[in-house]
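First up is the structure itself, then whatever we jot down about it.
Small disclaimer: the values here were computed from a predicted structure and weren't measured.
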Amino acid sequence: MKTIKRFEDVRKNNGYGKKLNELGINSAFYWAYFNSKEAENSIINFNDVIWDDDVDKIIEHCKEFKLNEI
């Protein structure tokens, strides 16, 4: 799976000091990334509920990180 440096840096440097949305990161996307990475998936797998208000930010992240599929 493609490494998303921004997320890796947040996890390493921020811990849980700031809320993800304060950093401009959608939490559903963030956790799907790390869960998929841990499961050694080749693509991000959203195995949880995605709320309607998450969709725009998820699409934005896909474009930002040049992901063609999830």
query: Judged by atom type as modelled, is there a donor-acceptor pair below 3.5 Å linking the side chain of Asn41 to the main-chain atoms of Ile44?
result: no
message: Measuring from atom CG of Asn35 to atom CG of Asn47, what distance do you get when rounded to the nearest 0.5 angstrom?
response: 6.0 Å
- request: Run the salt-bridge test on Glu60 and Lys63 with the 4.0 Å N-O cut-off and return the result as yes or no.
  value: no
Minimum-distance pair of heavy atoms, taken over all atoms of Ile70 and Cys62: CG2-SG, 3.8 Å
Common cluster, Phe65/Ile43, ILVMFWY with side-chain heavy-atom separation under 4.5 Å: no
- prompt: Where do His61 and Ile25 come nearest, in terms of heavy atoms and distance?
  reply: NE2-CA, 3.6 Å
query: Which value, rounded to the nearest 0.5 Å, describes the distance between Trp31 atom CH2 and Leu20 atom CG?
result: 7.0 Å
- request: Verify side chain to side chain contact (heavy atoms under 4.5 Å, CB included) between Phe46 and Ser36, making sure each step is shown before the conclusion.
  value: CA-CA 8 Å; Phe46 289 86; Ser36 297; over 6 Å; no
- request: Carefully, step by step, assess Asp54 and Phe29 under the rule side chain to side chain contact (heavy atoms under 4.5 Å, CB included).
  value: CA-CA 9 Å; Asp54 287 328; Phe29 195 100; over 6 Å; no
- request: Please say whether the positively charged group of Arg11, taken as NZ for Lys or CZ for Arg, lies over the ring of Phe34, i.e. under 6.0 angstrom from the six-membered ring centre and within 45 degrees of the axis.
  value: yes
message: When you compare the side chain of Tyr30 with that of Ile4, does any pair of heavy atoms fall below 4.5 Å?
response: no
message: Students often mix this up, so state it plainly: with edges at 30° and 60°, are the rings of Tyr33 and Phe7 parallel, tilted or perpendicular?
response: perpendicular
message: How close do Leu23 and Arg6 get, counting heavy atoms only, and between which atoms?
response: O-NH2, 2.8 Å
- request: Applying side chain to side chain contact (heavy atoms under 4.5 Å, CB included), run through Lys66 and Lys2 and close with a yes or a no.
  value: CA-CA 10 Å; Lys66 297 177 176 55; Lys2 179 179 181 174; 3.7 Å; yes
Note: Glu64-Lys57 ion pair, threshold 4.0 Å (strictly below): no
query: Are the side chain of Asn13 and the backbone of Asp9 linked by a donor-acceptor contact shorter than 3.5 Å?
result: yes
